[in-house]
Amino acid sequence: MSKNDAPRMTTAERTALSRQVKRVRQDREMTQAELAEAANVSRQTLSDIENGSRVPQDAVLRRIMGVLGIDLPGSDQSDDTRMWLGLIGGVLEAMPPENRPRAGKAALDAATAELLSSVSGGSKDREPKQDDFRRAAHSRSEDRGEDHDSI
């Protein structure tokens, strides 16, 4: 699926992602003017997005995040995965910011344990390795009848 075929993000997804734009831009040591020009948006539009007074359109947010080097979810994820990411993201956004890292790690740990269980036949007592994720992705691609060489 190409980026043009990617499902459109919901307003909630765009809102959550747009809250990260300023931090990521600053981490990349870019000015608003530089990012706005590279993403083909006005500096005022970018400012409005960063301060939360405007929720960007799907295509605009994808351009901004693309310039920042961030792949957005959607183009290669199932509807079920996008739904769960949206739900988990909504729950994280609803809690105090200082609690989000711990809650996000707990969600990741739970998902990783399920992955390990499905790959290794139930062993959840070890740290995951990169090969575990590759095997799981390969297995899922076989289930969907996808080309294995792309994994």
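The chain is numbered in sequence order, starting from 1.
Every residue was checked against the side chain to side chain donor-acceptor pair (under 3.5 Å) condition with Arg100, not counting sequence neighbours, and none meets it. Remark: Arg102 pairs with no residue by the salt bridge (Lys or Arg N to Asp or Glu O under 4.0 Å) rule, at least two apart or across chains. With sequence neighbours left out, the side-chain contact (heavy atoms from CB on, under 4.5 Å) criterion links Thr10 to Ala12, Glu13. Here Arg43 pairs with nothing under the salt bridge (Lys or Arg N to Asp or Glu O under 4.0 Å) rule; sequence neighbours left out. Taking the side chain to side chain donor-acceptor pair (under 3.5 Å) definition, one finds that Gln20 meets it with nothing, sequence neighbours left out. Take Arg28 and apply the side-chain contact (heavy atoms from CB on, under 4.5 Å) test, not counting sequence neighbours, and it matches Val24, Met30, Leu68, Ile70. Under the side chain to side chain donor-acceptor pair (under 3.5 Å) criterion, Ser42 pairs with Thr45, sequence neighbours left out. Not counting sequence neighbours, the partners of Pro96 by the side-chain contact (heavy atoms from CB on, under 4.5 Å) test are Glu98, Asn99. Listed by chain and number, the residues in a side-chain contact (heavy atoms from CB on, under 4.5 Å) with Glu37 amount to none (sequence neighbours excluded). A search for side chain to side chain donor-acceptor pair (under 3.5 Å) contacts involving Arg63 returns nothing, not counting sequence neighbours.
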### Query
So Val60 and Asn40, side-chain contact (heavy atoms from CB on, under 4.5 Å) or not? Walk me through it.
CA-CA 8 Å; Val60 170; Asn40 196 29; over 6 Å; no
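Clustering of Ile, Leu, Val, Met, Phe, Trp and Tyr by side-chain heavy atoms under 4.5 Å joins Val91 with Ile88, Leu92, Met95.
The shortest side-chain heavy-atom distance between Ile49 and Val55 does not fall under the 4.5 Å cut-off. Between Val41 and Leu35, every side-chain heavy-atom pair lies at or beyond the 4.5 Å cut-off.
Between atom CG of residue Asp27 and atom NZ of residue Lys22 there is a gap of 12.0 Å, rounded to the nearest 0.5 Å. Here Glu34 contributes atom CD and Glu29 contributes atom CD; the two are 10.0 Å apart, rounded to the nearest 0.5 Å. Distance check: Arg14 CZ to Gln57 CD gives 7.5 Å after rounding to the nearest 0.5 Å.
The salt bridge (charged side-chain N to carboxylate O under 4.0 Å, His left out) contacts involving residues 46-57 comprise Arg25-Glu50, Asp48-Arg54, where partners must be two or more places apart or lie in separate chains.
Around CD of Gln44, the count of heavy atoms belonging to other residues, nucleotides or ligands within 6.0 Å exceeds 12.
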